[in-house]
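As the structure is a computational prediction, the values presented were derived from the model and not from experiment.
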Amino acid sequence: VGPYVLVTPNETRRKQLQQIAKKELDDLEQWKKEHRPGPIKLVPQRLGGSASETQVRQNQQMTLMQSKYQKKHQREEYIKARKAAEESEILKMKAVQRKKAERLEVKKRQEEMQRREMFLEDRNYKTNELLNRLDVGLPKSDSCQIANPGPEPTAWKRSRAYKQALLEDENRRLEEMKQEQQRKAELFEFKQKQEEETRTREHQKEQRSCLQSLFIFYCTLRVNNAFLDRLQNKTQHNNIHQPGYTG
């Protein structure tokens, strides 16, 4: 520890500071007493509204009934909106799945047509190859002595007739496939029109149901208001005929 200097306290200076602090505290207390707020004086007034207790009770009952019907109506609207959203989502999913199934069906039909075409081409190629080999294998008139010249024209006619029959069969198959595709397209268009009409009818039915609910709510509200008006008039009539009524 380094060197330090001890300073003795000045008692006179301490006393002076204590006296000054005490004087300031006394002055503060005196100022608070002088500036203390006085008593509040208000003019007597009549509290409460201008309506009677019966009218207030009727207004409370009407507000409660209206809020109950409003909450019920809001709950029904929320349930309808949620169901409509769920049905819309389901219809969207069905439409997506239907489109996927249609694309898959179209793809399958195209693949089947391609396979048939390839099969017909391959069969025609094999048939033509066989017929050409048969034509090449027939004996010629200048190579050897033909006892009966009838088989060559007959075989050639048979090959021509067979080729013509294959071509007609292929054309017939293609025409049948085209007609089948056209029938499926017409059936698909008819189904789409039916689904659109069904959705339109369901939408109109929902609109009619909403209008009926609103009409019932409006009629109920009018009946309740008429009942409350009659009750209020009856109460006022009884109050008028009571003894001591001053108006």
Side-chain angles (χ1 to χ4, degrees), residues 51 55-124 166-234:
Q55 187 176 0
V56 172
R57 294 293 183 186
Q58 290 177 359
N59 293 333
Q60 288 180 352
Q61 185 180 5
M62 185 182 298
T63 304
L64 180 62
M65 293 176 66
Q66 290 178 356
S67 64
K68 181 174 69 175
Y69 283 114
Q70 287 178 357
K71 288 180 180 178
K72 183 179 179 181
H73 181 66
Q74 290 177 358
R75 185 167 59 253
E76 291 177 353
E77 291 293 332
Y78 172 73
I79 293 172
K80 288 181 180 178
R82 188 178 63 184
K83 288 183 178 179
E86 291 177 355
E87 290 178 357
S88 177
E89 190 67 25
I90 291 171
L91 289 176
K92 287 181 180 178
M93 293 174 65
K94 286 183 178 179
V96 172
Q97 294 297 329
R98 192 181 301 111
K99 289 182 180 178
K100 288 182 179 179
E102 290 172 359
R103 286 198 296 267
L104 184 61
E105 185 68 22
V106 170
K107 186 177 179 181
K108 287 182 178 179
R109 287 198 297 267
Q110 290 178 354
E111 291 177 354
E112 184 66 22
M113 289 177 65
Q114 290 178 359
R115 284 196 296 269
R116 288 183 180 180
E117 290 177 357
M118 292 175 65
F119 172 73
L120 291 174
E121 290 178 358
D122 186 68
R123 188 176 66 177
N124 292 332
L166 289 177
L167 183 60
E168 290 176 357
D169 186 35
E170 183 179 357
N171 292 332
R172 182 179 56 79
R173 289 177 181 274
L174 290 175
E175 188 65 26
E176 289 178 356
M177 291 173 68
K178 288 181 181 179
Q179 292 177 359
E180 182 69 21
Q181 292 294 330
Q182 186 177 1
R183 285 196 298 271
K184 288 183 179 179
E186 292 176 355
L187 181 61
F188 176 70
E189 185 177 359
F190 178 72
K191 286 183 179 179
Q192 282 186 341
K193 288 183 180 179
Q194 283 186 341
E195 291 176 357
E196 186 67 25
E197 292 177 356
T198 303
R199 286 195 294 269
T200 304
R201 286 196 297 269
E202 289 179 355
H203 183 66
Q204 292 176 355
K205 186 177 179 181
E206 290 179 358
Q207 287 183 347
R208 287 196 296 270
S209 177
C210 292
L211 291 175
Q212 289 176 359
S213 301
L214 291 174
F215 180 73
I216 293 170
F217 174 73
Y218 177 71
C219 292
T220 306
L221 185 61
R222 288 189 62 183
V223 171
N224 292 332
N225 291 333
F227 173 74
L228 292 174
D229 292 337
R230 290 197 300 272
L231 182 63
Q232 184 178 1
N233 294 330
K234 185 177 179 181

Verdict with supporting geometry, K108 and E112, side-chain contact (heavy atoms from CB on, under 4.5 Å): CA-CA 6 Å; K108 287 182 178 179; E112 184 66 22; over 6 Å; no

Heavy-atom check, side chain of E196 versus side chain of T200, under 4.5 Å: yes

Can you confirm whether H73 sits close enough to L214 that some side-chain heavy atom of one is under 4.5 Å from a side-chain heavy atom of the other? yes

Which distance, rounded to the nearest 0.5 Å, do you find between the CG of L211 and the CD of Q207? 7.0 Å

Residue pairs passing the side-chain hydrogen bond (donor to acceptor under 3.5 Å, both in side chains) test where at least one lies in residues 177-193, sequence neighbours excluded: R109-Q181, E180-R183

Below 3.5 Å, can you tabulate the donor-acceptor pairs from side chains in residues 87-103 to any protein atom, sequence neighbours excluded?
none

Hey, are the side chains of E206 and K80 touching, using non-hydrogen atoms and a 4.5 Å cut-off? no

Salt bridge check: are K205 and E202 linked by an N-O gap of less than 4.0 Å? no

Distance col, row R82:CZ vs E77:CD, nearest 0.5 angstrom, shows 13.5 Å

How long is the span from the OG atom in S209 to the CD atom in Q204, to the nearest 0.5 Å? 13.5 Å

To the closest 0.5 Å, what do you measure between CD (E195) and OG1 (T198)? 7.5 Å

Taking the side chain as everything from C-beta on, heavy atoms only, tell me whether R173 gets closer than 4.5 Å to R116. no

Could you pull out all donor-acceptor pairs under 3.5 Å where a side-chain atom in residues 216-228 meets a protein atom, sequence neighbours excluded?
| from | atom 1 | to | atom 2 | distance (Å) |
| --- | --- | --- | --- | --- |
| T220 | OG1 | I216 | O | 2.7 |
| N224 | ND2 | T220 | O | 3.1 |
| N225 | ND2 | L221 | O | 3.1 |

Answer yes or no: is there a side-chain heavy-atom contact under 4.5 Å between R75 and I79? yes

